Amino acid sequence: MGMQRMKKMIHSRRASLVTLVAALALSACGQEQNEAPQQGQVAQQEAPPHKVEVAEMARQDIPLDKSYPSLLRSDDEVTLVARVNGFLEERHFEPGQLVEQGDRLYTIEPDLYQATVNQREADLQSARAELSRAQRDAQRFEQLLSQNSVSRQQYDQALADQRVAQANVAQAEAALSSANLDLGYSQVTAPVSGMIGLSQINVGNLVTSGTELATITPLDPLEVRFQLPQRDAFELRRQLRDGGDTSDIRARLSIPGVSGGSDSELEGHLDFLGSRVDSGTSTVQASATFENPNAAVLPGQFVRVRIEGLKRFEVMAVPEIAVTQGLMGPQVFVLDEDNKARERTVSLGEVAGPWQLIREGLEPGDRVVVGDPAGLEPGMTIDPQPFDGNAEDIVEDVEQEEAQQQAEAAEAMEEGAADGQPAEGEEGAQ
């Protein structure tokens, strides 16, 4: 019995020792596990601050880059109409030709109207000769009346004949002027400069006053009418009120679907901005004039008009790249007093080129991360870098970096695919 009791005690002590060793081992593992996060936290705390551009918010004037659709209309188009009767003898242009104001286009039987002018000139000479005779008679009867050689009635008749002769001269002069006008109308000239269309009447046909001959469409300069949203019109009128004229506002016209080249874009200026808002469309009528020397744009085309110099005044804005999507919607990162990044939900306005306008969520003085937000997390320490105010450069740098990463990833995938094809074949064989 004593030997068995001693064996039980030794076995119990061994079990206790094993239990103690296991407990020590577990505690050591737990201590190591507890120490690991602490070391990780220390490593995280000791990580260098993230370098990124930071800007202090302030209200500023942001230029807009907006375009407006327009269907070109030929409001200045002119239809040539015959103003005299006669045979159409000559046509002095080719359809589709660019004609200048004053160019001769048609000839309508000018000899007939020249003969009429000659006849009216002869009538005028005859009337003037009759007036000279009547004037001499009136002077002679006036002298005879003073000598009591003629009656008062005879003298009055002589004065009346003189006045009739004067009226005949005036009538003959008017008839000559009318004949000269008709002679001028026999040569149809271009009332405006532009592109002339097809002739409606062939040479040799008889035309009458009112017969339509052809159409001229002015193309240079080109007037384009379009509709401005009322807010854009309000801001533009505000700019003009602060000083400036509509002609100072530059405009560009581009033709959708035409690829590249200077011929697909025209430069001009704004020449009219309406003073009332259309109740149906909430837009304001505007008009711009463009130089179109090569007839690059024709009426009936759909175009887009872009106004340069249009601004939004006293607004908050960040580079477009600074806005990310959070759980509560669009957000930006702002810095607290310890230069740690904090999320801030914002309400977005318009996009103006590389700028994103912020309607709500930011106040002047807030320090906002305006550089690439990739890799940023709330609570991360930031090393703020200066921002020169050029949002376009930041956006371009990020786009170039993303394009380079995509290219490297695509290249890596291609290399991996090339190296992996034999391995997949071997696996398939196995």
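FYI, the numbering just counts along the sequence from 1. Atom set for the values below is all heavy atoms of this structure, side chains included, hydrogens, waters and symmetry mates excluded. Note that the structure is predicted; figures quoted are calculated from it, not measured.
- Enclosure of atom CD in E89 by more than 12 non-hydrogen atoms of other residues, nucleotides or ligands within 6.0 angstrom is indicated.
- A donor-acceptor contact shorter than 3.5 Å links the side chain of Q101 to the backbone of P191.
- Between F387 and W355, the ring planes are perpendicular. Angles over 60° get that label, and only those under 30° would be called parallel.
- Checked by atom type and distance alone, the side chain of D338 never pairs as donor or acceptor with a backbone atom of K340 at under 3.5 Å.
- Within the structure, side-chain hydrogen bond (donor to acceptor under 3.5 Å, both in side chains) contacts touching residues 268-278 (residues at least two apart or in different chains) are D271-S287, D271-T289.
- The closest side-chain donor-acceptor pair between Q331 and Q325, if any, does not fall under 3.5 angstrom.
- Between Y106 and F93, the distance separating the two ring centers is shorter than 6.0 angstrom.
- Between L335 and P384, the shortest heavy-atom contact is CD1-CB, 4.2 Å.
- Looking only at atom types and distance, the side chain of T107 has a donor-acceptor partner in the side chain of Q187 under 3.5 Å away.
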Going by atom type alone, with no hydrogens or angles, which donor-acceptor pairs under 3.5 Å involve a side-chain atom of residues 120-129 and a protein atom two or more places apart or on another chain?
from	atom 1	to	atom 2	distance (Å)
R128	NH2	E173	OE2	3.3

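- A donor-acceptor pair under 3.5 Å is formed between the side chain of N292 and the backbone N or O of V297.
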Worked verdict on I249 versus L310 for side-chain contact (heavy atoms from CB on, under 4.5 Å):
CA-CA 8 Å; I249 304 297; L310 185 62; over 6 Å; no
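- Side chains of S67 and R304: a donor on one and an acceptor on the other come within 3.5 Å.
- Side-chain atoms of Q356 come within 3.5 Å of backbone N or O of G349 as a donor-acceptor pair.
- Minimum interatomic distance between D61 and E314 (heavy atoms only, all atoms of both residues): OD1-N, 3.0 Å.
- Between N339 and R367, the side chains place a donor N or O and an acceptor N or O closer than 3.5 Å (distance only, hydrogens not considered).
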